[in-house]
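Remember, predicted model here, so these are calculated numbers, not experimental data.
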Amino acid sequence: DPFTNTYINQNVSTGNYSLTANLTLFNGLSIQNNIKQNQLSTEASRQEEQQTKDNITLNVILAYLQVLTAKDLQQQAIQQREVTLKQVQRLEILDTAGAIIPSVLYDLKGQYASDEVNAVNAKNTLEQAKITLVQLMNVPYSTSFDVEPISPQELTEYATTSPDSIYQVAVNNLAAIKATDLR
């Protein structure tokens, strides 16, 4: 007998049943705040994706400007080589007449050789800049690839703008700053 603790020859069966329920009455609005946090995180991720696109755009613009710079440097190197060549030709005429010291002519020929090397290096730099640009734009490379230069009239919009206003526009529009604010 489980109640008297005496020995009885009898079968006793017992059973336990339970029912548990969990109900949140108030949790400090953490579920709503988690939903808002996840929405802001999703929007921040979209802004970071936009920032990646913006970075690619900036890299393409920078590569474009590098191509323009390389073209200018190549033109300068070619012009310098041509000027030096004309000077060499003039000094060769003077040397055959015996009017100059031969070492002056040989020094200028050395300068001409150096100018030729500079022209070749400038051409290689231009081709490398073009390759970088077409890679960033994800287009096939061709040796006939060329870019159009920027005309000064196209840049007049920014001539009167102050650095502070440009900075303010960047702060208001850059996706990286928006993503940081959202996070």
Q: Could you list all the salt bridge (Lys or Arg N to Asp or Glu O under 4.0 Å) pairs where at least one residue sits in residues 56-76, not counting sequence neighbours?
A: Lys71-Asp146
Q) Between Ser45 and Thr42, do the side chains contain an N or O donor and an N or O acceptor separated by less than 3.5 Å? A) no
Q. For Asp115, which residues count as a side chain to side chain donor-acceptor pair (under 3.5 Å) partner, sequence neighbours excluded?
A. Thr84, Gln111
Q) Would Met137 end up clustered with Leu58 when hydrophobic side chains under 4.5 Å apart are linked, directly or stepwise? A) no
Q. Is there a path from Ile150 to Leu126 through hydrophobic residues (I, L, V, M, F, W, Y) whose side chains come within less than 4.5 Å of each other?
A. yes
Q) Do Asp95 and Pro102 have side chains that get closer than 4.5 Å, going by heavy atoms? A) yes
Q | Test item: Leu182 and Gln47 side chains (from C-beta on) under 4.5 Å apart, heavy atoms | A | yes
(Q) For a quick test of reading the model, state the closest non-hydrogen atom pair linking Ala179 to Ala44 and the distance between them. (A) CB-O, 3.6 Å
Q. For Tyr141, does the OH atom have more than 12 heavy-atom neighbours from other residues, nucleotides or ligands under 6.0 Å away?
A. yes
**Q.** Shortest non-hydrogen separation from Gln74 to Ala122 and the atoms involved
**A.** CA-CB, 3.6 Å
Q.
Any carboxylate oxygen within less than 4.0 angstrom of a Lys/Arg side-chain nitrogen, looking at Glu43 and Arg46?
A. yes
**Q.** side chain to side chain donor-acceptor pair (under 3.5 Å) partners of Thr96, counting only residues at least two apart
**A.** none
Q | Thr132 side-chain N/O to Gln128 backbone N/O, donor-acceptor pair under 3.5 Å | A | yes
Q: Could you name each residue pair satisfying salt bridge (Lys or Arg N to Asp or Glu O under 4.0 Å) that touches residues 132-141, not counting sequence neighbours?
A: none
(Q) Using 0.5 Å steps for rounding, measure from the CG atom of Asn121 to the CG atom of Asn124. (A) 6.0 Å
Q: Report the residues that fulfil side chain to side chain donor-acceptor pair (under 3.5 Å) with Ser142, sequence neighbours left out, ordered by chain and then residue number.
A: Ser144
Q | Other ILVMFWY residues reachable from Leu105 by side-chain steps of under 4.5 Å | A | Leu85, Val88, Leu91, Leu94, Ile100, Ile101, Val104, Leu108, Tyr112
Q: Report yes if some heavy atom in the side chain of Ile131 is under 4.5 Å from a heavy atom in the side chain of Phe145; otherwise report no.
A: no
**Q.** Sequence neighbours excluded, every pair satisfying salt bridge (Lys or Arg N to Asp or Glu O under 4.0 Å) that has a member inside residues 74-88
**A.** none
Q. By salt bridge (Lys or Arg N to Asp or Glu O under 4.0 Å), which residues pair with Arg90, not counting sequence neighbours?
A. none
Q.
Filter on salt bridge (Lys or Arg N to Asp or Glu O under 4.0 Å), then keep only pairs touching residues 123-140, sequence neighbours left out; what's left?
A. Glu127-Lys130
Q. Is there a side-chain contact between Val83 and Gln79 (heavy atoms, below 4.5 Å)?
A. no
Distance-only criterion, 3.5 Å: show the donor-acceptor pairs between side-chain atoms of residues 59-66 and protein atoms not counting sequence neighbours.
{"residue": "Asn59", "atom": "ND2", "partner": "Asn55", "partner atom": "O", "Å": "3.3"}
{"residue": "Tyr64", "atom": "OH", "partner": "Glu148", "partner atom": "O", "Å": "2.2"}

Q: Applying salt bridge (Lys or Arg N to Asp or Glu O under 4.0 Å), name anything that partners Lys36, two or more places apart in sequence or on another chain.
A: none
Q) For Asn138, does the CG atom sit with more than 12 other heavy atoms under 6.0 Å from it, leaving out its own atoms? A) no
Just list the side-chain donor-acceptor pairs under 3.5 Å for residues 167-177, sequence neighbours left out, or say none.
{"residue": "Asn172", "atom": "ND2", "partner": "Gln168", "partner atom": "O", "Å": "3.2"}
{"residue": "Asn173", "atom": "ND2", "partner": "Val169", "partner atom": "O", "Å": "3.2"}

Q. Under the side chain to side chain contact (heavy atoms under 4.5 Å, CB included) criterion, do Leu136 and Ile56 qualify, and how do the steps go?
A. CA-CA 7 Å; Leu136 286 170; Ile56 292 171; 5.7 Å; no
Q | Lys109/Glu92 ion pair, N-O < 4.0 Å | A | yes
Q: List the atom of Ala119, the atom of Ala77, and the distance in Å for their closest heavy-atom pair.
A: CA-CB, 3.7 Å
